[in-house]
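What follows is a set of notes on a single structure, which appears directly below.
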Amino acid sequence: MATQAQQPPHLHLAELTAAQFIDIWKHFDADGNGYIEGKELENFFKELETARRGAGAGMVSVSFKEKMKEFMANFDKNADGKIEMAELAQLLPTEENFLLCFREFVGSSSEFMTAWRKYDSDRSGYIESNELKGFLSDLLKKANRNYDEKKLKEYTQTILRMFDLNGDGKLGLSEMARLLPVKENFLLKFEGIRLTVKEFDSLFTYYDKDGNGYIDEQELEALLKDLCDKNKMDVDSSGVGGYKKSIMALSDGGKLYRTELEIVLCRDSTL
């Protein structure tokens, strides 16, 4: 008989708290790669069906594959064959669905990056866990969203459970950016590009034409366009413009220094 730890948690509930949602996520994302996929996805779907129909009910006559196909068509919004955290949040009845509400009021990745820059003061690509509460509070204020101290504390603790997987008290930019909608998460576009420090230094030096230690908006646009072309990324000019705007939100008065761009292209690139 399965132990309590092995049993799928909370799927039978009519409504989930944010913390219960994370319990479910961690249970099914067994390898911790940020997706429910393959065998994990089959197990999730089977156990969700059982929970919805009652423990004693079997599968209906419609084949498992057909039901899986219908399920993925409804909930795999970016059609990548995997369920990511935000897609699961749309499926499960989470209390005040905190992931979705963040997506609603983080209007753009540039707003997210502006808030990030304030708290990542040393440009390390991380914010300390004790700064997370302020970071989330800023995002909520940008959206004119009402919240109380209790709810802010719950959001903070839940996101710590989501992203501080090694318990070191640091939260990475690329992980926190999962709060963004897929189409706004420009970091996802660069997930296949992992520059070594040496490669990044050469790239930065090449585009810092005047050698003043930073690159400006025009230099960044040229860098991004060439990087996308080199890596055969299907991105049009408006897409490059969007990436540029998001990255420039990290800049200091239009000056993008080495450490700021390194966060995006060199560190934490394994989403």
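Keep in mind that the numbers below use all heavy atoms, side chains included, and drop hydrogens, waters and symmetry copies.
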Those residues that, when tested against K230, pass salt bridge (charged side-chain N to carboxylate O under 4.0 Å, His left out) (two or more places apart): none
Drop me the distance from I247's CD1 to I263's CD1, to the nearest 0.5 angstrom. 11.0 Å
D226: partners by salt bridge (charged side-chain N to carboxylate O under 4.0 Å, His left out), with sequence neighbours left out: none
Kindly give the heavy-atom pair with the smallest separation between F112 and F135, and that separation in Å. CE1-CZ, 3.6 Å
Taking all non-hydrogen atoms of both residues, which atom of L160 and which atom of S129 are closest, and how far apart? CD2-CB, 3.4 Å
Would you mind checking if D138 and K118 are paired as a salt bridge, meaning a charged N to carboxylate O distance below 4.0 Å? yes
H27 side chain reached by F44 side chain, heavy atoms, under 4.5 Å: no
Taking the side chain as every heavy atom from C-beta outward, state whether D122 and T259 have any atom pair closer than 4.5 Å. no
Looking at K39 and E42, is any side-chain nitrogen of the basic one under 4.0 Å from a carboxylate oxygen of the acidic one? yes
Test of understanding: with side-chain contact (heavy atoms from CB on, under 4.5 Å), list the residues that count as partners of D208, not counting sequence neighbours. F204, D210, N212, I215
Pair listing, salt bridge (charged side-chain N to carboxylate O under 4.0 Å, His left out) test, anchored in residues 242-257, at least two apart: R117-D252, E217-K244, E221-K244
M248 CE to L261 CG distance, which is reported to the nearest 0.5 Å: 10.0 Å
Remaining members of Y257's ILVMFWY cluster at a side-chain heavy-atom cut-off under 4.5 Å? Y214
Taking the side chain as every heavy atom from C-beta outward, state whether W116 and I127 have any atom pair closer than 4.5 Å. yes
To the nearest 0.5 Å, what is the distance between NZ (K209) and CD (Q218)? 13.5 Å
Please examine the side chains of L265 and L227, heavy atoms only from C-beta on, and report whether any two atoms are closer than 4.5 Å. yes
Taking the side chain as every heavy atom from C-beta outward, state whether E199 and L203 have any pair of such atoms under 4.5 Å apart. no
Identify, with sequence neighbours excluded, every residue that meets side chain to side chain donor-acceptor pair (under 3.5 Å) alongside E131. none
Looking only at side chains, do S124 and D120 share a donor and an acceptor under 3.5 Å apart? yes
Contact summary for I83 and L88, nearest pair of heavy atoms: CG2-N, 3.8 Å
Point-to-point distance, once rounded to the nearest 0.5 Å, from CG of L250 to CE of M113: 3.5 Å
Looking at CG of N43 and CG of L48, how far apart are the two atoms once the value is rounded to the nearest 0.5 Å? 12.5 Å
